[in-house]
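Nothing here was measured: the structure is a model prediction, and the numbers come from that model.
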Amino acid sequence: MAAPKKAVLGPLVGAVDQGTSSTRFLVFNSKTAELLSHHQVEIKQEFPKEGWVEQDPKEILQSVYECIEKTCEKLGQLNIDISNIKAIGVSNQRETTVVWDKLTGEPLYNAIAAPVSPGPSDPVAVAPSGSSVPAAGTSSVWLDLRTQSTVENLSKRIPGNNNFVKSKTGLPLSTYFSAVKLRWLLDNVEKVQKAVREDRALFGTIDSWLIWSLTGGANGGVHCTDVTNASRTMLFNIHSLEWDKDLCQFFGIPKKILPNVRSSSEIYGLMKAGALEGVPISGCLGDQSAALVGQMCFRDGQAKNTYGTGCFLLCNTGRKCVFSDHGLLTTVAYKLGRDKPVYYALEGSVAIAGAVIRWLRDNLGIISSSDEIEKLAKEVGTSYGCYFVPAFSGLYAPYWDPSARGIICGLTQFTNKCHIAFAALEAVCFQTREILDAMNRDCGIPLSHLQVDGGMTNNKILMQLQADILYIPVVKPSMPETTALGAAMAAGAAEGVGVWSLEPEDLSAVTMERFEPQINAEESEIRFSTWKKAVMKSMGWVTTQSSESGDPSIFCSLPLGFFIVSSMVMLIGARYISGIP
């Protein structure tokens, strides 16, 4: 019996989408942008100490190989010939830092992360090991807080004025970005120190680690990154588009360990193993830039918001580098070719978005699955004056206040779990509004609509609330995989591949779901101003002098004291009311 004929679909493009909670490989038709098949593998997070978050770089790499193999098997079952896959793009969690040995290919330590809590789709955390230093060969992801003291020490040494770092990088000096994590590794990990001295160490964000490994690793792997990922390290000059000598000197980072910086769309190297051996890796974008490209926000003033563990709002500012006066970051949006111009963006991040849903599930237990929050919120349709500021690890844009902590206020005896669930969804929307308002002030171009993507956009109540609170339409594409799509577009459009046209007339039309505001502007403003009052109350909660995990002895007697005093008041009141002498 003859074998079934393979389907002919024209050129296909694959995309690795490597995030904090999972790795995926997706394959698209380059002519229609249709998603043909994909596979996903969850990856573990480890929390060896409070505020430390790590992942194993080898596990991440293995998950990429597994996703590619499984997706190719699925394509085979659909009678789709994998030889039609002409290119692979990479999209990745940004800022996560890996240092490895270029002679053995072994990670020397963990990739270190920026301070955000795990999101509702993240796998259950591994129990703390109790060890003071995590095992080598793991990767500290973008959620990590261990570098706070490093930042404080560096801030005392900023030369000239406080704009030294920001004027070159568009970024504030913060635990969030890669340079301070790399500095921490150089200060605290003997294996890293030794490898640097012996010229064996290589540094990279997750994209660099993957591309180096996939293109041969210790046997000729390509050590590179793209401009979008480089722009998140605090070592990259976003004007000259190269590693900055003064910044490297300030952070004490040897330039020899840094990857070569390339455009977001060019052939970096070929796959050296697996089902797609010989296929070029030709696209690379940090996840938020990839989503901007996947949403086709190629014009000045177009913006997208990705709702995941956190929210990431990017607004394309064109070829102009716009610096924010309102706490936003200036970053590289994309550079789609070696000879193509660089485009910039303003970015604001909401630290806690989907993570607040997980917190309600795992810490309060008011929902048993993330999907239930929509049902709870729908039951009441209002927060009944309850406001939730989920500043679990401080406030990010536009406040940048690491001392803030989460609060729930406006509670009455009538408040129940449904109102708190509704307030949690509103909190995501209010935080987005704060960033959007800052962008409008910086750019001077009010948005006509907001394009959205990410897992939380399946929640229709959230999307309607967002339209109401922004008081502009919210537009969601029917094909939700915009991050992977952006990486695939960059890979397929690369010189030497040329299977995906990025010309406006050639871009496939995407069907959209549209949410229009359903409340009046005055009500929207009242709710937002009350939210801002709640935010003010969350600020200045902790200081570095008195650690949250420090000795609580000063406060130990307070609950007992309140109990005794309140009991006496109640007793006196009861005796008075009953007339007992």
Any side-chain heavy-atom pair of Ser21 and Thr309 under 4.5 Å: no

Which residue, Trp100, Phe203, Tyr268, Trp209, forms the ring pair (Phe, Tyr, Trp, His ring centres under 6.0 Å) with His223? Trp100

If I take atom CE from residue Met234 and atom CG from residue Leu154, how far apart are they, to the nearest 0.5 angstrom? 7.5 Å

Going by atom types only, do Ser231 and Thr331 share a side-chain donor-acceptor pair under 3.5 Å? yes

Apply ring-ring contact (aromatic ring centres under 6.0 Å, His included) to Phe25 and list each qualifying residue two or more places apart in sequence or on a separate chain. none

Residue pairs passing the salt bridge (Lys or Arg N to Asp or Glu O under 4.0 Å) test where at least one lies in residues 294-306, sequence neighbours excluded: none

Flag the pair Asp199 / Lys102 as yes when at least one side-chain heavy-atom distance between them is below 4.5 Å, and no otherwise. yes

So salt bridge (Lys or Arg N to Asp or Glu O under 4.0 Å) across residues 200-222, not counting sequence neighbours, yields Asp101-Arg200, Glu198-Arg200

Can you name the ring-ring contact (aromatic ring centres under 6.0 Å, His included) partners of Phe250, sequence neighbours left out? Phe164

I'd like to check Met489 versus Met296 (side-chain heavy atoms, cut-off strictly below 4.5 Å). Are they in contact? yes

What is the distance from atom CG of Leu235 to atom CD of Glu242, rounded to the nearest 0.5 Å? 13.0 Å

If only side-chain N and O atoms count, and only distance matters, is there a donor-acceptor pair under 3.5 Å linking Asp442 with Ser324? yes

Flag side-chain contact, heavy atom, 4.5 Å: Leu276 against Cys72: yes

Could you tell me whether Phe298 and Tyr334 have their ring centroids closer than 6.0 angstrom? yes

Modelled atom types, side-chain donor and acceptor of Ser22 and Glu42, under 3.5 Å: no

Residue pairs passing the salt bridge (Lys or Arg N to Asp or Glu O under 4.0 Å) test where at least one lies in residues 248-258, sequence neighbours excluded: none

Taking C-beta and beyond as the side chain, do Tyr109 and Lys191 meet within less than 4.5 Å on heavy atoms? no

Nearest heavy-atom pair of Leu285 and Gly486: which atoms, and what distance? CD1-O, 3.7 Å

For residues 321-347, pull every pair meeting salt bridge (Lys or Arg N to Asp or Glu O under 4.0 Å), keeping only residues two or more places apart or in separate chains. Arg94-Glu347, Arg232-Glu347, Glu266-Arg338

In the structure I gave you, are the side-chain heavy atoms of Met439 and Leu328 within less than 4.5 Å of one another anywhere? yes

For the student: nearest non-hydrogen atoms of Gly540 and Asp401, plus distance: N-OD2, 3.5 Å

Ring centres of Phe236 and Trp243 under 6.0 Å apart? yes

Under 3.5 Å, is there a donor on one side chain and an acceptor on the other for Thr306 and Asp453? yes

